[in-house]
**Q** 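Input: one structure, supplied below.
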Amino acid sequence: MKHIYVFACHENEQALCELELRTLLGGEMGARYVVSARKVEPSRSPFLKLRMDVLYEAGSLPELASQLETLTVRGATFKVVFAETDTAVSYDRQRNVERELGLGLRGKAEMRRPEQWFAVTELGGRWLFGDCSYGEAVWLQHQHKPQNYSTALSTRVARAVVNIAVPEVAGTRVIDPCCGIGTVLMEAMSMGIDIVGYDLNPLAVRGARVNLDHFGMPNVVEVADMRTLVPHAKPPMAAGEAAPQARTAAPAGEATPQAQALTSAGEAPQAQPPGSPQPIYDALILDMPYNLCSQLPDDEKLEMLQTARRLARRAVIVTTEQIDPFLLEAGFRIEARCTVNKGNFSRQIIVCL
């Protein structure tokens, strides 16, 4: 099935919006729409307004209206909305199209709380009609968290960054090793993503826990310097044992929770394989620390990026500085990037493999 997504964004976030939607949806992208074979809930993206699941397609509006005579409306009431895509359509024209198609449907039109939503659009000279789903601004609710930093990522940007890092949710393990007050964690967990967070600053970790608890989310945050985090080999499962809910990295010199559990049961944890262990996370999101009064030393930047490279197969790095040489030295390959501006403040979003 073909899906039409309609989106909107501020010009300062245009590049971020395009990178997120290309990663999340693929397909053909226009100025304010995406045509994709992927079915994604509109609420996942802060930029998506609606998704139309195309059921009918015709060369003219009368032809489309005749096709809809066979449509069965689910429930007692419905509403038809016009979705603007590649062509600007006047308000009056939109309402006339909605009315013309709605009159031919079997059911009762309801403007406020219909049981079923439909959308219609004209795209590329063709008329399309189908089920309509609207997005919910979940990220907007998270703006009202009890703990805040003036320089933290906005919930809107954080949600887009999560989608760039994790386009496929199922079975994906994610780490945020400099999680701060947990903005990325909240957005990820609200989308059902399995994520853990660490931060060197105990006050930040305390704030993250307060924020997570405020929204009824579990505590997934620990105090640790990300440079001490090392991937651990996954211990073997006993016969009939369920897969563990989370694989974790642990500070150097400490056992993982799985290894501790095996040791307490009288079994020795699996030894690390020779050479560098394989990354145990599918994705990593790293908002590089910055301070308006001081800069992170170059050797610390490199150590952090080298650790990130060991921890995950894919990384999205957020930075206010030019760090390309450090990324390359750490062993990353830059796949894509964009810049997000807010006044005189600018951040780079860099996708690395």
Side-chain angles (χ1 to χ4, degrees), residues 1-9 17 20-21 24-25 27-144 155-156 159 163 169 190-192:
M1 177 182 287
K2 181 164 61 177
H3 308 282
I4 310 295
Y5 297 87
V6 177
F7 65 88
C9 65
C17 172
E20 185 219 34
L21 295 183
L24 192 60
L25 303 176
E28 171 197 346
M29 191 168 191
R32 51 189 170 189
Y33 71 92
V34 179
V35 181
S36 175
R38 301 177 191 172
K39 187 175 183 179
V40 174
E41 287 302 316
S43 296
R44 276 201 64 182
S45 170
F47 305 114
L48 289 178
K49 295 172 61 179
L50 63 84
R51 184 193 73 231
M52 181 173 75
D53 306 326
V54 179
L55 301 173
Y56 298 91
E57 183 173 345
S60 68
L61 191 60
E63 180 186 352
L64 180 63
S66 66
Q67 292 182 17
L68 298 185
E69 294 175 0
T70 62
L71 176 63
T72 300
V73 177
R74 299 189 303 273
T77 60
F78 70 89
K79 183 177 181 178
V80 178
V81 295
F82 192 100
E84 279 193 292
T85 48
D86 64 344
T87 304
V89 180
S90 70
Y91 176 86
D92 289 341
R93 174 61 172 159
Q94 291 184 33
R95 302 295 84 78
N96 288 336
V97 169
E98 294 167 355
R99 190 177 303 109
E100 181 177 345
L101 296 180
L103 288 173
L105 295 179
R106 301 172 185 174
K108 179 183 178 181
E110 167 59 49
M111 296 299 102
R112 294 186 177 180
R113 295 184 179 178
E115 294 182 37
Q116 186 171 10
W117 290 82
F118 295 109
V120 58
T121 190
E122 185 179 14
L123 179 60
R126 302 283 293 175
W127 285 91
L128 308 173
F129 184 94
D131 291 326
C132 177
S133 301
Y134 281 95
E136 179 186 359
V138 178
W139 56 273
L140 195 59
Q141 301 170 21
H142 298 156
Q143 287 185 352
H144 305 292
T155 56
R156 184 178 173 94
R159 196 171 186 87
N163 284 328
V169 172
S190 71
M191 293 186 276

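This one's a predicted model, so the numbers in the text were calculated from it and none came from an experiment.
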**Q** Counting C-beta onward and ignoring hydrogens, is there a side-chain heavy-atom pair between V120 and L64 closer than 4.5 Å?
**A**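 They are in side-chain contact.
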**Q** Compare every heavy atom of W139 with every heavy atom of R156, then report the nearest pair and how far apart it is.
**A**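 Heavy-atom minimum between the residues: NH1-CZ2, 3.2 Å.
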**Q** Given 3.5 Å as the limit, does a donor-acceptor pair link the side chain of Q116 with the main chain of F78, or not?
**A**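 Checking the backbone N and O of F78 against the side chain of Q116, no donor-acceptor pair under 3.5 Å is found.
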**Q** Between R38 and S36, which heavy-atom pair has the shortest distance, and what is it?
**A** N-OG, 2.9 Å
**Q** Considering non-hydrogen atoms only, spot the tightest contact between L48 and P42 and give its length.
**A**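 Scanning both residues, the minimum pair turns out to be CB-O, 3.6 Å.
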**Q** Testing Q94, R93, R99 one by one against N96 for a side-chain hydrogen bond (donor to acceptor under 3.5 Å, both in side chains), which residue passes?
**A** R99
**Q** For V80 and G102, work out which heavy atoms get closest and say how close.
**A**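 Of all heavy-atom pairs spanning V80 and G102, the closest is CG2-CA, 4.3 Å.
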**Q** Determine, step by step, whether Y33 and E84 satisfy the side chain to side chain donor-acceptor pair (under 3.5 Å) criterion, reporting the C-alpha distance in whole Å, the side-chain angles of both residues, the deciding distance to 0.1 Å, and the verdict.
**A** CA-CA 8 Å; Y33 71 92; E84 279 193 292; over 6 Å; no
**Q** Could you pull out the closest heavy-atom pair between M52 and A119, with the gap in Å?
**A** SD-O, 3.1 Å
**Q** Out of curiosity, L68 CG to R106 CZ, how far, rounded to the nearest 0.5 Å?
**A** 11.0 Å
**Q** As an exercise, state the distance from CG of L24 to OH of Y5, rounded to the nearest 0.5 Å.
**A**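 Interatomic distance, L24 CG to Y5 OH, rounded to 0.5 Å: 7.5 Å.
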**Q** Closer than 3.5 angstrom, by distance alone: can the side chain of N163 be matched with the main-chain N or O of R44 as a donor-acceptor pair?
**A** yes
**Q** Spell out, as yes or no, whether a donor-acceptor pair under 3.5 Å connects the side chain of E136 to the backbone of V138.
**A** no
**Q** Tell me the closest heavy-atom pair linking G75 and E115, and the distance in Å.
**A** CA-OE1, 3.2 Å
**Q** Measuring only between side-chain heavy atoms, which start at C-beta, is L101 closer than 4.5 Å to L61?
**A**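 With C-beta onward as the side chain, the pair touches.
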**Q** Working to the nearest 0.5 angstrom, can you tell me the gap between L128 CG and L55 CG?
**A**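 With rounding to 0.5 Å, CG (L128) is 10.5 Å from CG (L55).
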**Q** Is the closest basic N to carboxylate O distance between R51 and E41 below 4.0 Å?
**A**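 Counted as a salt bridge, because a side-chain N and a carboxylate O are separated by less than 4.0 Å.
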**Q** Counting distance only, does the side-chain N/O of K79 pair as donor-acceptor with the main-chain N or O of E110 below 3.5 Å?
**A** no
**Q** Taking the side chain as everything from C-beta on, heavy atoms only, tell me whether V40 gets closer than 4.5 Å to H3.
**A**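 No. Closest side-chain heavy atoms not under 4.5 Å.
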**Q** For the CG atom of D53 and the NZ atom of K2, what is their distance to the nearest 0.5 Å?
**A**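 Rounded to the nearest 0.5 Å, the CG-NZ separation comes out at 12.5 Å.
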**Q** Which value, rounded to the nearest 0.5 Å, describes the distance between K49 atom NZ and Y134 atom OH?
**A** 8.0 Å
**Q** Mind checking the OG1-CH2 spacing from T121 to W127? Nearest 0.5 Å is all I need.
**A**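 Output value for this atom pair is 7.5 Å.
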**Q** With heavy-atom distances below 4.5 Å as the criterion, would you say the side chains of C17 and F7 are in contact?
**A** yes
**Q** Taking the side chain as every heavy atom from C-beta outward, state whether D131 and F118 have any atom pair closer than 4.5 Å.
**A**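 D131 vs F118: side chains touch.
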**Q** Between the main-chain N or O of V6 and the side-chain N or O of T85, is there a donor-acceptor pair closer than 3.5 Å?
**A** no
**Q** Should V97 and V89 count as side-chain neighbours, where that means a heavy-atom distance under 4.5 Å?
**A** no
**Q** Say whether, by atom type as modelled, one donor and one acceptor occur between the side chain of E69 and the main chain of G104 under 3.5 angstrom.
**A** no
